[in-house]
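Here is the structure we will look at, set down as structure tokens.
Chain A is the first sequence line, chain B the second, and so forth, proteins listed ahead of strands; every chain is numbered from 1.
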There are 2 protein chains.
Amino acid sequence: MKHLVTFRMIDAIARTGSIRSAAEQVNQTPSAVQRRLQNYEDELGYEIFQRTSKGVRLNAAGEMAIQHIRQTLADTERLNSLIADLAGVRRGHVNIGCSQALMPYFLPAQIARYQARYPEVTFNVQVMEHSRAAEALEAFQVDIALVFDEKTVPDYEVHLAVPQRLAAIMARDHPLARHKILRLRQCYEYPVALALRGFSGRLLLERALHGKTFRKPPIVQSDSFEYLMAHVATTDAITFQIQIGAPDASQSAPQDRGIISREIDTRDVTGGMLLLGLKRNRALPVAASRFVEQITLSLSDEYRPSSD
Amino acid sequence: MKHLVTFRMIDAIARTGSIRSAAEQVNQTPSAVQRRLQNYEDELGYEIFQRTSKGVRLNAAGEMAIQHIRQTLADTERLNSLIADLAGVRRGHVNIGCSQALMPYFLPAQIARYQARYPEVTFNVQVMEHSRAAEALEAFQVDIALVFDEKTVPDYEVHLAVPQRLAAIMARDHPLARHKILRLRQCYEYPVALALRGFSGRLLLERALHGKTFRKPPIVQSDSFEYLMAHVATTDAITFQIQIGAPDASQSAPQDRGIISREIDTRDVTGGMLLLGLKRNRALPVAASRFVEQITLSLSDEYRPSSD
DNA sequence: AACACGCGTTGCGTTTTGGGCAACGCGGTT
DNA sequence: AACCGCGTTGCCCAAAACGCAACGCGTGTT
């Protein structure tokens, strides 16, 4: 789109915080970018960026302008997707910001399923926690947020909220593996390996452990779930993850050889919510909109926690 | 705004139905307009207009495109108004589509009051009945619709609905003028002059007259309220108008010398609604938004029908 | 204190884009 | 058959955008 190059440049400037780096990002010279910015500011009648010694920063007017600019860019993309859809082809691009827990099983499966029907649709999946996801929604950086949140009222539109139980993950031949449902106290008879604070499952667990006498420090912490999985696969340690991020018996993925998950009794852990968030009043492109429909259905069916 | 000339041209083409007339409207040659349209269609990858022998017409893709284009134009205007407002000045333009009944008293007073505070805000007021107003809202031709509607559920957002009683209008020295409230039967003891079917007051009256034995044909009909007013001022005939369009004792306007209005008993006429309509999900420019606030307040206070 | 660095900005020559003019092809009308 | 009004296109010129190089100016370093 020809008439949007200025907007793309300004968006790049706002993101990078400098004209030169924005120029690099759009493969142009700084002078070209600077001139387009200046022209736009002249048309608007106000400066949008405050010039500092080490770059530029949006001012009050700029905050409103960038909102309009990103809105316009998003709307344009939506128009393209609408027309493409009308012409019979489903193509487009979907940006997703989501919790780590969705990376190993849920999203790969969902996206694979979607792309099986619509191969022309491309995806971009990025891990972020919920406050960052809210920002990204607002700035049109992601179309869909899929995050775990156990308490706060978010400032985006919650399109869907499904409760999430906690699951314990252990080696396939672990003594506890013969139970279907575990009490937290049982798990804590073994060493525990935990994700860092800030991860979804950890949050849930910490709340559950509050005041419990059997609580003890983890023998190992890590920000890598790959590590935690490998660790419990080869020892008698136990780690935790929210349900949707735990290996599921029904759909064993290649990477979970040697590990298995068991649900924690709901008496011990009150589940948080997995939220599907959208930007308020935003009309999504067709591809994103249909993808939301798909995962809404999936989450309502398969992933609804089994009532015990 | 430089990057919107193409959009303005395409909007003009869509409205006028021809490239040449659109060119005239934006003071350019047909070739220039045609090229911009062609460029846009190339960028989009689809034709937007179906070429006919006597002009062009939007096709399916075009319907979606024109929606986006008008949305973008409106959003741009809104950004300008937001930034102007932030800079302390209130300027801008408000387009209003409204029933005839608001023209003689209500809107002039409201706009005058608003412009007394914000002289830089300009207005455009256009008479239209409610279905046309709904279209105009949808096509971003008006920001605010202020129409009388007694029944149907409108497809725009009803921001405010105030009930409207019917009033009889007669000469100042008419025998009935000594009553405060009139029964319909009393009025029909005199000749009646009516607006054409389709006008707000006429609709209300027709419903009230349904099945009444004293009903009789009007001695004169007209689409001009100026004529009707002049007629009743010089004869003993009576005409009707909804409350807000009738001369008000509290604020006598220069044009209503010789005429006076009296409310009709609510037992005879169940009032319709005066609706303040906005386009759904549309963010209004500052000036329009504040004007809506003002008339909302005014309608809630002054024009709420006095409870008899 | 002098220096280098990275930033936004600007002057100038070049390239690309856009506009006006006139003419063409085409359907419907007279 | 001639005509009219429509969208469209080739050609030429004007205007806008771009790249390059250089400048001024703060900041942090040596």
Would you kindly give the CZ-to-C1' distance between B:R51 and C:dC24, to the nearest whole Å?
17 Å

Contact summary for B:V147 and B:A133, nearest pair of heavy atoms:
CG1-CB, 3.8 Å

Shortest side-chain distance from A:S53, nucleotide among D:dC18, C:dT29, D:dT27
D:dT27

Would you mind telling me which residue lines up with the more 5' stretch of DNA chain D, B:P30 or A:K54, judged by nearest nucleotide?
B:P30

How long is the line joining CD of B:E43 and C1' of C:dT17, in whole Å?
12 Å

For A:S289 and A:P285, indicate whether the former's side chain and the latter's backbone hold a donor-acceptor pair under 3.5 Å.
no

Sorted by position of nearest nucleotide on DNA chain C, 5' first, the leading residue of B:V5 and A:G55 is A:G55

Going by modelled atom types, is there a donor-acceptor pair between the base of C:dC21 and the side chain of B:S31 at under 3.5 Å?
yes

Whole angstrom value for the distance that separates C1' of D:dG10 from CD of B:Q38:
13 Å

Any side-chain N or O of B:Q34 below 4.0 angstrom from OP1/OP2 of D:dT8?
yes

Can you check the B:L58 CG to D:dG7 P distance for me, whole Å?
13 Å

Minimum-distance nucleotide to A:S18 side chain [options: D:dG7, C:dC7, C:dT10]
C:dC7

Taking any heavy-atom pair under 4.0 Å as a contact, classify A:R35: base, sugar-phosphate, or nothing.
base

So CD of B:E63 and NE2 of B:H68: to nearest 0.5 Å the spacing works out to 15.5 Å

Whole angstrom value for the distance that separates P of D:dT8 from OH of B:Y40
17 Å

Rounded distance in Å - CD (A:Q50) to C1' (C:dC7):
14 Å

So, is A:Q28 close to the D:dG19 phosphate, meaning a side-chain N or O under 4.0 Å from OP1 or OP2?
yes

Looking only at side-chain N and O atoms, does A:R36 come under 4.0 Å of OP1 or OP2 in D:dA17?
no

Here's a test of your reading of the structure: between B:R20 and B:N39, which maps to the more 5' nucleotide of DNA chain C?
B:N39

B:I19 CD1 - C:dC26 C1' separation (whole Å):
14 Å

Is the closest basic N to carboxylate O distance between A:E135 and A:R132 below 4.0 Å?
yes

Tell me if the CD atom of A:E77 is crowded by more than 12 foreign heavy atoms within 6.0 Å.
no

Roughly how many Å is it from CZ in A:R57 to C1' in C:dC7, rounded to a whole number?
15 Å

Side-chain N,O (B:T29) to OP1/OP2 (C:dG20) below 4.0 Å:
yes

